[in-house]
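This report concerns only the one structure given below.
Basis for what follows: all heavy atoms, side chains included, without hydrogens, waters or symmetry-related copies. One-based numbering along the sequence shown.
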Amino acid sequence: WTLALNAQQTERRAYYTPEDKVIFQRYIDTMQSKRTLPMNELMIQTALFFEGTPYVASTLEKEPEGLVINLRELDCTTFMETVLALCRTLKGDQHTFEAYCDHLQYLRYRHGTITDYTDRLHYMADWFYENERKGIVKNIAQTIGGESLTLNLSFISTHPDSYKQLKGHPELVQKMEQKEREINQRSHYYLPKENINTHSSGIQDGDILCFATTVKGLDVTHVALAYWREGELRFIHASLSAMKVIVQNGSLQDYANNIKSCKGLLIARPL
């Protein structure tokens, strides 16, 4: 890992390899001519750039907490964050690796600052809320016909032994619990899965889709990017079953129907 300076010239603890910088540069060189595309189209082009990238879970779990830049291996959430941060970098004035790190840190951490594990936006409902406040995304589930969703988040604080950063750190568990309570008190909206096709015209390419779950204490279990193909609403994601980034075969509606624990979708549009 390296300590790097960010735009504010403050020290940042960052974890990456030389290969990550190579992939970043390849992305910039490949996509330079597409930077003026509308954000939703750029999201898709960027997502497809990573097609075939291996699925690897838990790449962010480094200690001490720092910014992990891993363009070689992605899980469903880091895939979405990587795509969004790269698009924001390409749309900006600075096409440097450092600028990319700034964008990634700003959307992955609550106030864009890293002090400890609890600053990372672990719950997607919280991620949507904070990144809407920053003007990065717009939560659109309600406007396209979604319904109110009651959350009772508790998973992280009630399973501290599953997280090495929390194990033996009751003060962090307490912070996490307080944050969960705060998120639970907000208004949340989702599109129930039986209504996906009915309201699909309100979903566009590149929208962030989070699969809301019935699993106790959690909000979502999977993250993907909406992708219209031949008139059918599908999605691009880092797939656990395929073990790589793929364009999902079949429709979003069918996929959601086949997941018993899936209640519907939280949806945000990159701005």
Side-chain angles (χ1 to χ4, degrees), residues 1-2 4 6 12-32 34-35 37 39-62 65-92 94-110 112 114 120-122 124 127-128 130-131 134 136-137 205-210 220 222-227 235-240 242-248 268-271:
W1 63 271
T2 72
N6 63 8
R12 156 167 47 220
R13 180 179 286 107
Y15 299 90
Y16 58 85
T17 69
E19 198 189 334
D20 294 307
K21 282 186 139 175
V22 170
I23 297 169
F24 169 79
Q25 200 49 55
R26 189 167 74 235
Y27 168 81
I28 294 294
D29 296 344
T30 306
M31 304 293 285
Q32 194 73 48
K34 299 179 180 177
R35 64 179 296 237
L37 284 174
M39 189 62 164
N40 64 326
E41 289 178 37
L42 190 59
M43 286 287 291
I44 292 300
Q45 295 288 325
T46 302
L48 293 172
F49 175 87
F50 287 98
E51 201 172 354
T53 299
Y55 177 101
V56 178
S58 309
T59 57
L60 302 185
E61 309 319 318
K62 306 275 191 204
E65 186 73 21
L67 183 68
V68 175
I69 303 102
N70 188 338
L71 301 171
R72 299 157 285 115
E73 309 159 322
L74 300 163
D75 66 22
C76 67
T77 306
T78 61
F79 168 65
M80 178 276 291
E81 288 183 332
T82 297
V83 169
L84 182 54
L86 282 170
C87 288
R88 290 179 64 80
T89 306
L90 198 61
K91 288 255 176 222
Q94 300 284 319
H95 298 164
T96 62
F97 187 69
E98 265 318 302
Y100 168 66
C101 292
D102 285 343
H103 283 294
L104 187 62
Q105 180 169 322
Y106 191 54
L107 60 88
R108 182 176 288 164
Y109 288 88
R110 187 162 288 103
I114 306 174
R120 205 192 315 156
L121 297 168
H122 300 284
M124 285 310 297
W127 192 103
F128 275 22
E130 293 294 347
N131 282 303
K134 295 170 193 165
I136 293 175
V137 299
D205 277 352
D207 283 349
I208 299 164
L209 310 172
C210 298
V220 310
H222 193 50
V223 180
L225 298 173
Y227 183 35
F235 57 95
I236 308 171
H237 63 143
S239 162
L240 175 59
M243 289 307 286
K244 61 184 178 184
V245 173
I246 60 166
V247 175
Q248 183 64 32
R269 178 160 298 162
L271 299 174

T30 side chain to R26 backbone, donor-acceptor under 3.5 Å: yes

Whether N131 side chain and V137 backbone form a donor-acceptor pair below 3.5 Å: no

Distance, nearest 0.5 Å, that separates NZ of K34 from CD1 of I44: 12.0 Å

Shortest non-hydrogen contact between E41 and L37, atoms and distance: OE1-CD2, 3.3 Å

Closest contact, heavy atoms only, E65 versus R13: O-NH1, 3.7 Å

D207 and N40, any side-chain heavy atoms less than 4.5 Å apart: no

Derivation and outcome, side-chain contact (heavy atoms from CB on, under 4.5 Å), residues M31 and L42: CA-CA 9 Å; M31 304 293 285; L42 190 59; 3.9 Å; yes

Chi angles and distances behind the side-chain contact (heavy atoms from CB on, under 4.5 Å) call for I208, L84: CA-CA 10 Å; I208 299 164; L84 182 54; 4.3 Å; yes

Parallel, tilted or perpendicular: ring planes of Y27 versus F49, cut at 30 and 60 degrees: perpendicular

Point-to-point distance, once rounded to the nearest 0.5 Å, from CD of E61 to CZ of R120: 4.5 Å

Side chain proximity check, L86 to V83, heavy atoms < 4.5 angstrom: no

Distance (rounded to the nearest 0.5 Å) between T46 OG1 and I236 CD1: 10.0 Å

Shortest non-hydrogen separation from T82 to L74 and the atoms involved: OG1-CD2, 3.6 Å

R108 to E81 - nearest heavy-atom pair and separation: NE-OE1, 2.7 Å

Taking every non-hydrogen atom, the tightest pair across C210 and M124: SG-CE, 3.7 Å

Aromatic ring proximity, centroids under 6.0 angstrom, Y16 and F97: yes

Donor-acceptor under 3.5 Å (R72 side chain, I23 main chain): no

Pairwise side-chain contact, D75 with Y55, heavy-atom cut-off 4.5 Å (strictly under): yes

Backbone N/O of A238 and side chain of K244: donor-acceptor pair under 3.5 Å: no

Heavy atoms from other residues, nucleotides or ligands near CD of E51 exceed 12 (cutoff 6.0 Å): yes

Stepwise side-chain contact (heavy atoms from CB on, under 4.5 Å) check, Y100 with I69: CA-CA 9 Å; Y100 168 66; I69 303 102; 3.6 Å; yes

Interatomic distance, S239 atom OG to H222 atom NE2 [nearest 0.5 angstrom]: 6.5 Å

Main-chain N/O of Y106 paired to K134 side chain as donor or acceptor, under 3.5 Å: yes

Test item: H95 and Q32 side chains (from C-beta on) under 4.5 Å apart, heavy atoms: yes

Minimal non-hydrogen separation, V223 against M80, with atom names: CG1-CB, 3.8 Å

Test item: M39 and R88 side chains (from C-beta on) under 4.5 Å apart, heavy atoms: yes

D20 side-chain N/O to T17 backbone N/O, donor-acceptor pair under 3.5 Å: yes

Steps toward side-chain contact (heavy atoms from CB on, under 4.5 Å) verdict (Y109, L67): CA-CA 9 Å; Y109 288 88; L67 183 68; 4.2 Å; yes

Close side-chain approach of L225 and H237, heavy atoms under 4.5 Å: no

Euclidean distance, E98 CD relative to R12 CZ, rounded to 0.5 Å: 5.0 Å

Min side-chain heavy-atom separation L107-W127 under 4.5 Å: yes

